[in-house]
**Q** 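Right, I'll just put the structure down here and ask away after.
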Amino acid sequence: MSIPFLKQKLSISLVLLLSISLFAQCKKEKEEDNTGVLALLALANTSSTLTTTCATNADGTVDSTLSTPTKGSFSICKPASDTIKHYRVEGLKVSVSHLAFTIYAGFPANYTTAPTQTSTALTSGQFAFNFYSGSGTTFPVPGFSYASFGTSTKNLTNNGNTTTATPAGTNLYDFITATVDVCFDLTSASPPRFTVWVTGQNGAVCKTKTNLTLGTAVGTESSWGSSTSALATQNSYFGISSATGVTFTKIVSSPDSVLP
């Protein structure tokens, strides 16, 4: 074999090896580039559920916050004692007609169903405190709040403790055109005693428990008719009936009730 021919063959071989090496390197870099893209696609395709963020305060209370209030029901964070005796909702506003914001207690674990506009069907041992933004003065009903335990209802309106969920009276406080702080005790008695205060009403300030008395409360109820059981569980939730129109700052849960 001649020397020139051998040199030519070696040159061709080197070119082929270099080409294969460059192809392999490009393929590797492309795969590495795709890794980030695939990771982003996987993240985008992963279903996520909004959850409440819990923060424990020095006094043993626990804050529940939700970055984006939206339709659904979400857990209220529990104190270390695993029992909530006092609730405070700060900066609540239900600004669009026919929406509901609800505080639940005595519900099963992992409850996710959003409340309906005006009512929540309860079973024995279940409690719900509803804030409904209605419209009109007769029908549709005006905005009002009411608490239910089992099949009995307490309306927080100026026409007293009626048993219907569509009162003709006026709500005792405004949570539709302005933000409001609302707080309440819910005891473990059979049936539970429900006592509610509103900052600015009757001299009450929800963030200062020393002025929360029976005299400053906007309503209290310990007789629920045929609903005589205790709360079914210690699981508590808040529910929103629409993706927009309900805002609040946080919900504070306490292991201590205000009233004995």
**Q** How far apart are the closest heavy atoms of Cys77 and Ser64, and which atoms are they?
**A** N-OG, 2.8 Å
**Q** If you compare all heavy atoms of Thr102 against all heavy atoms of Asn130, which two are closest, and at what distance to 0.1 Å?
**A** OG1-OD1, 2.9 Å
**Q** Does Ile103 reach the side chain of Ile251, with side-chain heavy atoms less than 4.5 Å apart?
**A** yes
**Q** If hydrophobic clusters are built from ILVMFWY residues whose side chains come within less than 4.5 Å, do Leu66 and Val252 share one?
**A** no
**Q** What is the distance from atom SG of Cys183 to atom CG of Leu212, rounded to the nearest 0.5 Å?
**A** 5.0 Å
**Q** So which of Val205, Val258, Val218 actually passes side-chain contact (heavy atoms from CB on, under 4.5 Å) with Trp197?
**A** Val258
**Q** Measure up the Phe127 and Trp224 rings against each other and bin them: parallel (under 30°), tilted (30 to 60°), perpendicular (over 60°).
**A** perpendicular
**Q** Do you know the tightest heavy-atom contact between Ala232 and Gly106?
**A** CB-O, 3.5 Å
**Q** How long is the gap from CG on Asn202 to OG1 on Thr216, to the nearest 0.5 Å?
**A** 6.5 Å
**Q** Do Ser73 and Pro115 have side chains that get closer than 4.5 Å, going by heavy atoms?
**A** yes
**Q** How far does NZ of Lys209 sit from OG1 of Thr61, to the nearest 0.5 angstrom?
**A** 7.5 Å
**Q** What about the rings of Phe248 and Phe101, do their centers lie closer together than 6.0 Å?
**A** yes
**Q** Carefully, step by step, assess Asn211 and Thr213 under the rule side-chain contact (heavy atoms from CB on, under 4.5 Å).
**A** CA-CA 6 Å; Asn211 60 27; Thr213 65; over 6 Å; no
**Q** Side-chain donor-acceptor pair under 3.5 Å between Lys93 and Thr177, yes or no?
**A** no
**Q** Could you go through the side-chain contact (heavy atoms from CB on, under 4.5 Å) check for Thr157 and Thr170 one step at a time?
**A** CA-CA 5 Å; Thr157 53; Thr170 302; over 6 Å; no
**Q** Keeping the roles fixed (side chain from Thr208, backbone from Thr210), state whether a donor-acceptor pair exists under 3.5 Å.
**A** no
**Q** At what distance, to the nearest 0.5 angstrom, does OG1 of Thr65 lie from CG of Asp63?
**A** 7.5 Å
**Q** In terms of hydrophobic clustering (I, L, V, M, F, W, Y; side-chain heavy atoms under 4.5 Å; direct or indirect links), are Leu259 and Val198 co-clustered?
**A** no
**Q** Any idea how Phe74 and Phe238 line up, ring-wise: parallel (<30°), tilted (30 to 60°), or perpendicular (>60°)?
**A** tilted
**Q** Do Val62 and Phe107 belong together in a cluster built from hydrophobic side chains that touch within less than 4.5 Å?
**A** no
**Q** Counting only heavy atoms not in Lys78 (residues, nucleotides, ligands), do more than 12 fall under 6.0 Å from its NZ?
**A** yes
**Q** In Å and rounded to the nearest 0.5 Å, what is the CG to OG1 distance from Leu214 to Thr195?
**A** 6.0 Å
**Q** Within the 3.5 Å criterion, strictly below it, is a donor on Ser145 or Tyr173 matched to an acceptor on the partner's side chain?
**A** yes
**Q** Okay, side chain of Asn57, backbone of Asp59: is any donor-acceptor separation there less than 3.5 Å?
**A** no
**Q** With side-chain hydrogen bond (donor to acceptor under 3.5 Å, both in side chains) as the criterion, how do Thr153 and Ser148 come out once you've worked through the C-alpha distance, each side chain's angles and the decisive distance to 0.1 Å?
**A** CA-CA 4 Å; Thr153 295; Ser148 299; 3.2 Å; yes
**Q** Would you say the side-chain atoms of Ser227 pair up with the backbone N or O of Phe149, donor to acceptor, closer than 3.5 Å?
**A** yes
**Q** Salt-bridged, Asp256 to Lys85, with N to O below 4.0 Å?
**A** no
**Q** Compare all side-chain heavy atoms of Lys154 with those of Leu156 and state whether any distance is below 4.5 angstrom.
**A** yes
**Q** Kindly give the heavy-atom pair with the smallest separation between Arg193 and Pro260, and that separation in Å.
**A** NH1-O, 3.2 Å
**Q** Please confirm whether the backbone N or O of Ser257 pairs with a side-chain atom of Asp185, one donor and one acceptor, at under 3.5 Å?
**A** no
**Q** Among Thr83, Thr187, Leu186, find the residue that satisfies the side-chain contact (heavy atoms from CB on, under 4.5 Å) test when tested with Leu231.
**A** Leu186
**Q** Would you kindly say whether Tyr87 and Ser236 are connected by a side-chain donor-acceptor distance under 3.5 Å?
**A** yes
**Q** Does the Ser133 side chain pair with the main chain of Ser95, one donor and one acceptor, at a distance under 3.5 Å?
**A** no
**Q** Can you name the nearest heavy-atom pair linking Ile84 to Gln234, along with the distance?
**A** N-OE1, 3.5 Å
**Q** To the nearest 0.5 angstrom, please state how far the CZ atom of Phe144 sits from the CG atom of Leu172.
**A** 12.0 Å
**Q** Which atom pair, heavy atoms only, marks the closest approach of Ser241 to Ala100?
**A** OG-N, 2.8 Å
**Q** For the side chain of Gln126 and the backbone of Thr123, is there at least one donor-acceptor N/O pair under 3.5 Å apart?
**A** yes
**Q** Assess whether side-chain contact (heavy atoms from CB on, under 4.5 Å) is satisfied between Ser253 and Arg88, documenting all intermediate values.
**A** CA-CA 7 Å; Ser253 60; Arg88 183 171 75 239; over 6 Å; no
**Q** Find out whether Ser242 and Leu99 are in side-chain contact, i.e. whether some heavy atom of one side chain is under 4.5 Å from a heavy atom of the other.
**A** yes
**Q** Would the Phe129 and Phe184 ring centres measure less than 6.0 Å apart?
**A** yes
**Q** Any side-chain donor paired with an acceptor under 3.5 Å for Ser124 and Ser229?
**A** yes
**Q** Evaluate the criterion side-chain contact (heavy atoms from CB on, under 4.5 Å) for residue pair Phe131 and Val182; output intermediate values, then yes/no.
**A** CA-CA 11 Å; Phe131 301 79; Val182 181; 4.1 Å; yes
